[in-house]
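Below you'll find the structure, written out as C-alpha cells, and then a few comments.
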Amino acid sequence: MITINIYYTGEGKGDAKAFADEMERSGIASRIRAEKGNLRYDYFSPFNDEGTVLLIDSWENQEAIDHHHSSPMMEEIAALREKYNLHMKVERYISDEYKADEKFIRK
C-alpha cells in the first residue's frame, strides 16, 4: 500500500476547508474513492492549524496511482486547487509488513 499525505494551505484561513468541502459536495472525492485500487481518500483538519487541511490518500500500488493521475478527474482537481489558490506539502509512505509494533496497538 502507498499512502500520500497532502497538506493543503490557502492564502485565506478558510480556503483549504472550502476546497475540501467542494471536493466532497461536487462528488469528485466519491469518484476517487470508487476508483480501482483506491483504499482511502479522507480529509482532516489539524487541531493546531486551522488554515490547513490534510488529505490522506491510500492506494494498492503505484499503477493505481498512475491511472488516477492520468484520469480526466485530475483536471477538475487542479482547477479547484487554482480556484482556492492552494499550496501543497506532500509526504509519501510505503507500508511494510512489520509486525513487532502490534503489541502496542489496542484493538
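Since the model is a prediction, treat every value here as computed from it, not as a measurement.
Residues E11 and H87 meet the side-chain proximity criterion, which asks for heavy atoms closer than 4.5 Å. Side-chain contact between R31 and I28: present, with at least one pair of heavy atoms (C-beta onward) separated by less than 4.5 Å. Counting heavy atoms from C-beta on, the side chains of L55 and Y8 come closer than 4.5 Å. Side-chain contact between R92 and I2 is present, with heavy atoms from C-beta onward closer than 4.5 Å. Between M23 and I32, the closest side-chain pair of non-hydrogen atoms falls below 4.5 Å. For the pair F44/V53, no side-chain contact is recorded, criterion being any heavy-atom separation below 4.5 Å from C-beta on.
Here the closest heavy-atom approach between residue T3 and residue N5 is recorded as CG2-OD1, 3.8 Å. The two residues D15 and G10 come nearest to each other via the heavy atoms CB-CA, 3.9 Å. Across all non-hydrogen atoms, the minimal contact from G37 to A64 is CA-CB, 3.9 Å.
Enclosure of atom CD in Q62 by more than 12 non-hydrogen atoms of other residues, nucleotides or ligands within 6.0 angstrom is indicated.
How far OG of S58 is from CG of N38: 7.5 Å, rounded to the nearest 0.5 Å. Put simply, CG on L86 and OG1 on T52 are 10.0 Å apart, with the number rounded to the nearest 0.5 Å. For the atom pair D66 CG and H69 NE2, the distance stands at 8.0 Å (nearest 0.5 Å). Atom CD1 of I6 and atom CG of L54 lie 9.0 Å apart (nearest 0.5 Å). To the nearest 0.5 Å, atoms NZ (K83) and CZ (F19) are separated by 11.0 Å. Rounding to the nearest 0.5 Å gives a distance of 6.5 Å between CD1 of I77 and OG of S71.
A donor-acceptor pair shorter than 3.5 Å can be found between the side chains of E22 and Y84. A donor atom on one side chain and an acceptor atom on the other are found under 3.5 Å apart for W59 and D57.
At least one donor-acceptor pair under 3.5 Å links the side chain of S70 to the backbone N or O of H67.
When hydrophobic clusters are built by joining Ile, Leu, Val, Met, Phe, Trp and Tyr residues whose side-chain heavy atoms come closer than 4.5 Å, directly or via intermediates, I65 is grouped together with M88. Cluster membership check: V90 does not share its hydrophobic cluster with M1, using side-chain heavy-atom separations under 4.5 Å among Ile, Leu, Val, Met, Phe, Trp and Tyr. By the criterion of side-chain heavy atoms lying less than 4.5 angstrom apart, applied directly or through intervening Ile, Leu, Val, Met, Phe, Trp or Tyr residues, M73 is grouped together with Y43 in one hydrophobic cluster.
A salt bridge is defined here as a Lys NZ or Arg NE, NH1 or NH2 lying under 4.0 Å from an Asp or Glu carboxylate O, and R33 with E35 fails to meet this definition.
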Verdict with supporting geometry, I4 and E91, side chain to side chain contact (heavy atoms under 4.5 Å, CB included): CA-CA 6 Å; I4 301 165; E91 302 168 340; over 6 Å; no
